[in-house]
Structure formats: structure tokens, C-alpha cells
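We use all heavy atoms of the structure for the numbers below, so side chains are in, but hydrogens, waters and symmetry mates are not. A, B, ... follow the sequence lines: proteins, then strands. Residue 1 opens every chain.
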Amino acid sequence: MDKIDFNKLSSFQLDVLKEVGNIGAGNAATALSKLLKKKITMCVPNVRIMEFKEVSYMLENAEKPVIGLLIQIVGDFSGYILIILEYETVGLFLSNLSESTSVKFESLGEEFEFTELELSALKEAGNILAASYLTALSDLTGLRACTTVPGIAIDMAGSILSFPAIEMGKFCNNVLYIETGFYEGTNRIKGDFILIPALEAFEVLLKVLGASEL
Amino acid sequence: MIMTVNIGMAELKALNHPGILVTLGLGSCVGVALYDWKTKVIGLAHIMLPSSANAKKIDNEAKFADTAIIKLLNDMYILGARKENIVAKLAGGAQMFTLNNNSDIIRIGERNVMAAREKLAELGIDVVAEDTGGNFGRTIEFFSSDGSLKIKRLGRDTKII
């Protein structure tokens, strides 16, 4: 497979990829809203074509502590879904998902230890969100794919965001992330769904959606 | 005024004393810090992948361990550093995520560190200290004053190697 220069994608192709993000994240946001019993607002999806050196800063602060849930996609098309959650969102998650209402945001600020149950609850949330994202994508494209059990990391945004970039780095000299941020209520941004198609998946997705011509 | 330069993914830089080289949120990538103890010239590379062997064309030498180390050394020589005075420190190469399958991408951190060590050994450059592996990100600061490498981790004590 030859490498793709993402900068050469046409504006039509970029729009198609944005729509993929829109539909996937839309469905996932609905699922998130149900999980948290809160109104979730989604941002307009963004196709971010970045140089490697920019990746760590895509959420502005490379050292910001976040929770990353990484889900691998396997099937007719492959890649990763990376869900980034801010600490406050995680507090919401845990108080809604587990019976233990003792979990407070304050306790998460400086503390970086989670119980097994909490980690498991977060992974399950990741599972549900990724599956919702992918279901919408499958309905749109007719392609079938499934997800793996999420991997979880609680760390600096930069170190988490770099992970899928390395995968892309094997073939490309820049990276393409289909990103959709979401808000809870009127608050500041709480998290991000990022779809990172594998190299072959670009061709597959664009072809199925009738946008394979450059 | 001390010059401080931020090194992003797949970037590298050599600096004269006094200078500080910084990388924020290093994950599975490996940071190779080279120090010439005589001239105090420092160099830092933020390496993404172990080897350029499978790359069809190398557009960015800083991406791969083998090519990045050579390029960084050359940049340091230009600033007056000499190979016999250079020592190396390594940081990073973490495994940020554990997925059910043990695919290559999951072990990329470990492979990056091994590749960096091998290349340095081949060139006869000693690795005098390292803080690699684990499952956590690191922010590193490399000082020309004494060649110390400060390593910050989330929720843990700062370490100097």
C-alpha cells in the first residue's frame, strides 16, 4: 500500500470524512447522554491533518491529565477510536455508572488511582460509546466491523494522543484524526471522540461513500 | 538568556550551552538525550519508530531511531561536539495502552528503546542513564549546564537522571 498524503485529499473527500465523524459521534453522543442522564452537545466534527509535532498539542495542553480509552476496530475497515475524557466527565461517569456515589470530582483532581471497579466501569462506557459510533458508521457504509475491549490510560494528553500517531507514522508523514468534541450542558469541552482510520480504511471508506476520486 | 526549545514528535534539535531542551507528554516514543560533557553541547531527539529499514523514502530522519541518532550527532558535531565526549540518556518508550492482542503497535515503546540502545552501542556511545518502559507518560527537560535529565510524571515525584 502506498502512503497517502493527507494534504492532497480534496475538499469533497474531507467533507465526506467529516460526515463520517458527524454520524458516528452523533450516535455516540446520544449513547453518552443516556448513560450520564445529561444533555450532551456535540461540536461540528473536524478533520485534523497535522504534522507529528502538532499532535501532542491538539487538546491545547500536552500535559493536561486525561483519561484515554482506546478501542481497536477490526473488520471490513480497521483503525482506532480514541475517546478522551476530562477528569470532571469521569466523575460524572463514575457516579452514574457505579453504585458508589461516593466518587466525587474533588477526589479525582490530584489522585490518579482508580479502583478496579471504576476502571472497569470506564472501560464499559468506552465499549458502549465505541460500539455506538461504529454502528452508525456501519449503517452508513454497509461495512461491517467490530471493536475490541478498550484499553485505558490515565495520563498526559500528549502521551495518549501520540499512540495512534505512531501507527500512522509507519506509512505517512502526517496524521489525520477525525475529531468530534462534546460538551455537557453549557460547560466547557468535556471530551473528544477521535476516529483514526488505518491506511487501507481510507480507501475503503472513501470508495464506499463514492468519494474515491481525488 | 537560556535558550529553551520544545521538541515535538519526530523532531530533533542540538543546542549550545546554555540551553534547555524539552519534550512534553512523551508516551511510547523515546527521547534520546545526548550530552557532550566537554563542550556542553546537548541534543534531543523525539523518536517515533524503531527503524527506517522498511521506509520507502526517508522524509524526516527524526522519525526513526537509526536515522535520528545519526542526524542528531551530525548536528552536534557542527556545534563543536566530539563523539568521544558524548554520552546518552534515554527516556520514554512506555506502553500506554494494553489491548487484548499483543500486536506490534502495542509493544512499540519497548522496540523503540531497544532500537535506540542498539544504534548507540553500534556507534560506541554509552547510555549512562535511562528511565524507560512502564505504562505512563513523561515530560522531560534536558539541561546543558550539567547534562541532567529531569523527568516528570503525572501524580508522581519528579526524577532526575
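Counting heavy-atom pairs closer than 4.5 Å to chain B, the top-ranked of the candidates A:Ala157, A:Ser159, A:Gly158 is A:Ser159. Counting heavy-atom pairs closer than 4.5 Å to chain A, the top-ranked of the candidates B:Met48, B:His46, B:Lys152, B:Arg153 is B:Met48. Contact tally against chain A (heavy-atom pairs below 4.5 Å) for B:Cys29, B:Gly25, B:Gly8: the top residue is B:Gly25.
Residue A:Ile152 touches chain B through its backbone alone, counting heavy-atom pairs closer than 4.5 Å. Residue contact with chain B, scored on non-hydrogen atoms closer than 4.5 Å, involves the backbone and the side chain of A:Ala165 alike. For B:Leu49, the part sitting under 4.5 Å from any heavy atom of chain A is the side chain, from C-beta outward, and nothing else.
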Trace of the side-chain hydrogen bond (donor to acceptor under 3.5 Å, both in side chains) decision for A:Thr30 with A:Asn27: CA-CA 5 Å; A:Thr30 308; A:Asn27 211 31; 4.9 Å; no
Could you walk me through whether B:Asn6 and A:Tyr57 pass the side-chain hydrogen bond (donor to acceptor under 3.5 Å, both in side chains) check? CA-CA 12 Å; B:Asn6 220 322; A:Tyr57 303 98; 3.2 Å; yes
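Residues A:Met168 and A:Phe6 meet the side-chain proximity criterion, which asks for heavy atoms closer than 4.5 Å.
The interface of residues 80-90 of chain B with chain A, defined by heavy-atom distances below 4.5 Å, is empty.
Every residue two or more places apart in sequence or in another chain that forms a side chain to side chain contact (heavy atoms under 4.5 Å, CB included) with A:Leu137 is listed here: A:Val20, A:Phe77, A:Tyr133, A:Leu134, A:Leu195. Evaluation of the side chain to side chain contact (heavy atoms under 4.5 Å, CB included) rule for B:Leu79 yields B:Ala14, B:Asn16, B:Val41 as partners, not counting sequence neighbours.
The existence of a salt bridge linking A:Glu54 and A:Arg48 is excluded, since no basic side-chain nitrogen approaches an acidic carboxylate oxygen closer than 4.0 Å. Ion pairing between a basic and an acidic side chain is recognised when a charged N comes within 4.0 Å of a carboxylate O; B:Asp75 and B:Lys71 show such pairing.
Under the 30°/60° scheme for interplanar angles, the aromatic rings of A:Tyr80 and A:Phe163 are found to stand perpendicular.
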Check residues 124-131 of chain B and write down every donor-acceptor pair under 3.5 Å in which the side-chain atom is one partner and the other belongs to a residue at least two apart or another chain.
| residue | atom | partner | partner atom | Å |
| --- | --- | --- | --- | --- |
| B:Glu130 | OE1 | B:Arg117 | NH2 | 3.0 |
| B:Glu130 | OE1 | B:Thr132 | OG1 | 2.7 |
| B:Glu130 | OE2 | B:Arg117 | NE | 3.0 |
| B:Asp131 | OD1 | B:Lys159 | NZ | 2.8 |
| B:Asp131 | OD2 | B:Arg138 | NE | 2.9 |

